[in-house]
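Each ligand, and each atom within it, is numbered from 1 in the order the structure gives.
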Amino acid sequence: MTDRARAIFDAVLPARLPEPVAFSAAAPSNIALSKYWGKRDARLNLPLNSSLSISLAEWGTTTRVGPAYDGTDAVWLNGARLGPETGFTRKVVAFADRFRRGQTLPLHVVTENTIPTAAGLASSASGFAALTRALAGSFGLDLAEDRLSMLARFGSGSATRSLWHGFVRWERGARADGSDSFARPLPEIWPEFRIAIIRVDTGPKSRSSRDGMGHTVATSPLFGQWPAQAEADCTAIEAAIRDRDFPRLGALAEANALAMHATMIAARPALCYLKPESWQVLGRLRAARQDGLEAYATMDAGANVKLIFLEDSTPRIAELFPEAVIVEPFGAAATV
Ligand code: DP6
């Protein structure tokens, strides 16, 4: 851990952690309506711009952290014990080490992802958010929610937003140490809000967001425009949510996603997560919109397309995109 990152954990956690107890926590996955793309500090995982997301209710991660009585860290994922050298185990142990700071407190970490494999969504946001809550609970830490969000950021930027259900805004913050870069849930509840996940990516895993954003920042001549535009989009999307103006929100979210992809396509060499099938879905959506459908698209560092719309468009969406999986972000599952 760099000294600066260590200083953040030292400032928030007690000097010595107690022996861990078993503790479970859940966190939802999320989709950004206004994207985080680009870091101003890679070691502290600080973003260049604020971002705003909607959480995916019951789709997410449940993680249990408890003492390892055999004295060795071990990690389970979806029922299988993973080897110590797997990428997943290394990430989990490295994150736990940020909390442990040299203390010998071996842990068992049991993770279950509830995101359907068919959705093809990454689970690092919900994974690190659930792990942050579970580690805090296991070590009996009484941390404010914004401190938990700030610590989750060290696992993955998007995890900063996965601590809550509903709409969440991650403030970029201004301080060099990142102590003001964390997320907060927005108070608006919009029961009619829907998300459809259209999986088009069945190929090999694309380049990670972390690599992709680093490459874009370093080489894309269009990137210079992005941070200010993204900041403005984030604020405008928050206002559209407050005003319950769905067409304004949808148009802003779609434009923001396409602008992010434009910065990547202009990178050298070009980085293009979208596949011909993604563009085909976007074309079908645009045609349906001309026909009166009120639905908009957003895409992350992958080829899958997510649509946002309101409840009354559900039959039309299901007809046009029968392969879509529909999520109710304010449904019953989001209240637990
Ligand atoms: C396109 O949070 O995965 O999904 O902080 O490097 O772990 P790291 O990146 P990550 O990036 C997410 C990028 C995105 C947009 C978003 O979720 O805001």
Handout entry: With S162 via side-chain hydrogen bond (donor to acceptor under 3.5 Å, both in side chains) - residues at least two apart
Key = N30

Fill in the blank from the handout: Apart from L48 itself, its cluster of hydrophobic side chains linked below 4.5 Å comprises Y36, W37, W170, M213, V217, F223, W226, M260, M264, L271, Y273

Problem - Any donor-acceptor N or O pair under 3.5 Å, side chains S126, T61 - result: yes

Completion exercise
Residues with a heavy atom under 4.0 Å from ligand 1, by chain and number, are A32, K35, Y36, W37, K39, N45, S156, G157, S158, R161, S209, R210, M213, M260, D300, A301

Practice task
May I ask you to decide if I115's main-chain N or O and N113's side chain share a donor-acceptor pair within less than 3.5 Å?
Solution key: no

Exercise for the section: Quick one: pull up CD1 in I241 and OG in S34 and give me the separation to the nearest 0.5 Å. Expected result: 9.5 Å

Show every donor-acceptor pair shorter than 3.5 Å between a side-chain atom in residues 313-330 and any protein atom, with sequence neighbours excluded, or say none if there are none.
{"from": "T314", "atom 1": "OG1", "to": "E311", "atom 2": "O", "distance (Å)": "2.7"}

